[in-house]
**Student:** 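Structure below; questions to follow.
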Amino acid sequence: MSLSERKIVVGVGGGIAAFKAVELVRELQRRNAIVRVMMTEAGARFVGPVTLAGLTAHPVVTDLWDPQYPGEAHVELSAWAEAIVIAPATANILARASFGMADDVVLATLLCSDCPVLFAPAMHPRMWSRKATHENITRLKGNGATFVGPVRGPLASGEEGMGRMSEPAEIADALTTLVARSGDLKGRTILVTAGPTVEDLDPVRFIGNRSTGRMGFAVAARAAARGAKVVLVAGPVTLETPPRVTRVDVRSALEMATVVSEHVRKADAVVMTAAVADYRAARVATEKLKKGGERLSIDLVQNPDILAGLGAARENGKPVLVGFAVETQDVAAGARKKLVDKKVDLIFANHATDGFGGDENEAILVDAAGDQPLPRMTKLALSDVILDRVRDLLTSR
Ligand code: C5P
């Protein structure tokens, strides 16, 4: 993979893994990136700025007041950077960055930047295991930052554990993917549905399902972060709307079908993550149903299949259609059947025990070419994999 002519700022923190920053710079250059380096004061104690200046043929910035920068170093560096990678990202850097501190050139550049940021954490396993560290990481991820590692392995202290920085090639791979995804959906409109639909039986009761909406909200968040215009049609959920996403709340399958039909004309792609109810009550009682005999029967009628409707109606493969499948048995076979029956491009399939709630999922992507089983990962990371496929389908049409 290549980073041809992309401008990358490497920020080096103060940890023993700083020695690997030298190899990271070389690796990025091998992929044709143009690299500049900034270091915290502690970083410069672990590895000499002279080495990195020699490699990049450019002065290394360690000081906010660097007289070599006629303007302000952090303003110039952040404006120049197309991506920033912090390696090693110490517990201290993560903490300060997560609170928007700007008390050295690395932190000030991060705060001033508007480009994708990748952190490669490295620290002692006890520091990595702290709740505070994970709260800081959650905050940074919430602000759009991406992480690679750390990994388990031998540490400088002679111990084994989780906290070793990822290898330079792996960091460079993660950065290449991050740069490829940055702005790659600009100019595209993506319609995402999320959550359950709720079918009322009477003024207080309904038929629902266990969908939490997290997967759809993750897809919407990542699509917007990658530059798409996103319309998110959400059933009743308790999630916050991701930044730069237009949200339309609905309740029933019929309402969702109406809103989808209003927006589909402008959509380049539709990602139907919603767990749409297959049936609704034939009649919704206007008054609360009273307790009666031993048994109660409710007459149900079928809801329209929104996705199958889109699949049947589309011409020339537009819009790109992605469906979801939650199965309790033979996940891949069920997904392949849905791919054909609903005439869609891609089905994201997972087991019912995995799919609902939680931030992670394990799934299979099924398209006409075959099945791609995906490792367990966060719903945000899965969203990126789905959106990579959507981007490739859009560019190929
Ligand atoms: O057939 P099944 O409900 O398992 O298919 C799931 C996929 O179809 C999901 O993408 C879901 O959003 C969509 N669907 C729909 N309308 C329905 C039922 C499901 O669009 N009535």
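Just so you know, ligand 1 is whichever comes first in the structure, and atom 1 is the first atom listed for that ligand.
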**Student:** Give yes if a backbone or side-chain nitrogen or oxygen of Val322 is under 3.5 Å from a nitrogen or oxygen of ligand 1, and no if not.
**Tutor:** no
**Student:** What residue pairs, at least two apart or across chains, pass ring-ring contact (aromatic ring centres under 6.0 Å, His included) with a residue in residues 277-333?
**Tutor:** Phe324-Phe348
**Student:** Under 4.0 Å from any heavy atom of Asp278, which atoms of ligand 1 are there?
**Tutor:** 3 (O), 18 (C)
**Student:** Number the atoms of ligand 1 from 1 as they appear, then name those within less than 4.0 Å of a heavy atom of Met272, with their elements.
**Tutor:** 9 (C), 10 (O), 12 (O), 15 (C), 20 (O)
**Student:** Please state which protein non-hydrogen atom is closest to atom 1 (O) of ligand 1 and give its distance, to 0.1 Å?
**Tutor:** Lys342 NZ, 2.8 Å
**Student:** Looking at ligand 1, does any of its N/O atoms fall within less than 3.5 Å of an N/O of Lys338?
**Tutor:** yes
**Student:** With a cut-off of 4.0 Å, which atoms of ligand 1 are near a heavy atom of Leu307?
**Tutor:** 8 (O), 10 (O), 13 (C), 15 (C), 20 (O)
**Student:** Starting from the C-alpha separation in whole Å, work towards a yes-or-no answer on side-chain contact (heavy atoms from CB on, under 4.5 Å) for Met38 and Val60.
**Tutor:** CA-CA 6 Å; Met38 58 183 180; Val60 167; 6.0 Å; no
**Student:** Before signing off on this row, confirm whether Ala274 and ligand 1 have an N or O atom pair separated by under 3.5 Å.
**Tutor:** yes
**Student:** Of all the atoms in ligand 1, which lie at a distance below 4.0 Å from a heavy atom belonging to Gly323?
**Tutor:** 10 (O)
**Student:** Would you tell me whether Thr56 and Arg36 have side-chain atoms, one donor and one acceptor, within less than 3.5 Å of each other?
**Tutor:** no
**Student:** Would you find more than 12 non-hydrogen atoms of other residues, nucleotides or ligands less than 6.0 Å from Arg397 atom CZ?
**Tutor:** yes
**Student:** In terms of residue, atom name and distance, what is the protein heavy atom nearest to atom 14 (N) of ligand 1?
**Tutor:** Asp305 OD1, 3.8 Å
**Student:** May I ask you to check if ligand 1 and Thr193 share an N or O to N or O distance below 3.5 Å?
**Tutor:** no
**Student:** When you measure from the centre of the six-membered ring of Phe206, is the NZ or CZ of Arg251 under 6.0 Å away and within 45° of the axis?
**Tutor:** yes
**Student:** Pairs of nitrogen or oxygen atoms closer than 3.5 Å, one from Ala275 and one from ligand 1: do any exist?
**Tutor:** no
**Student:** With distance as the sole criterion, is a donor-acceptor pair present between the side chains of Ser4 and Asn32 under 3.5 Å?
**Tutor:** no
**Student:** Is it the case that over 12 heavy atoms from other parts of the model lie below 6.0 angstrom from the NZ atom of Lys229?
**Tutor:** no
**Student:** Please write down residue, atom name and distance for the protein heavy atom closest to atom 16 (N) of ligand 1.
**Tutor:** Ile306 N, 3.0 Å
**Student:** If I apply the N/O under 3.5 Å rule, does Phe324 come out as touching ligand 1?
**Tutor:** yes
**Student:** With a 3.5 Å cut-off and no angle check, do the side chains of Thr133 and Glu135 form a donor-acceptor pair?
**Tutor:** no
**Student:** If you measure only the distance, is there a donor-acceptor pair under 3.5 Å linking the side chains of Arg389 and Gln372?
**Tutor:** yes
**Student:** Which heavy atom of the protein is the closest neighbour of atom 21 (N) of ligand 1, given with residue, atom name and distance?
**Tutor:** Pro304 O, 2.9 Å
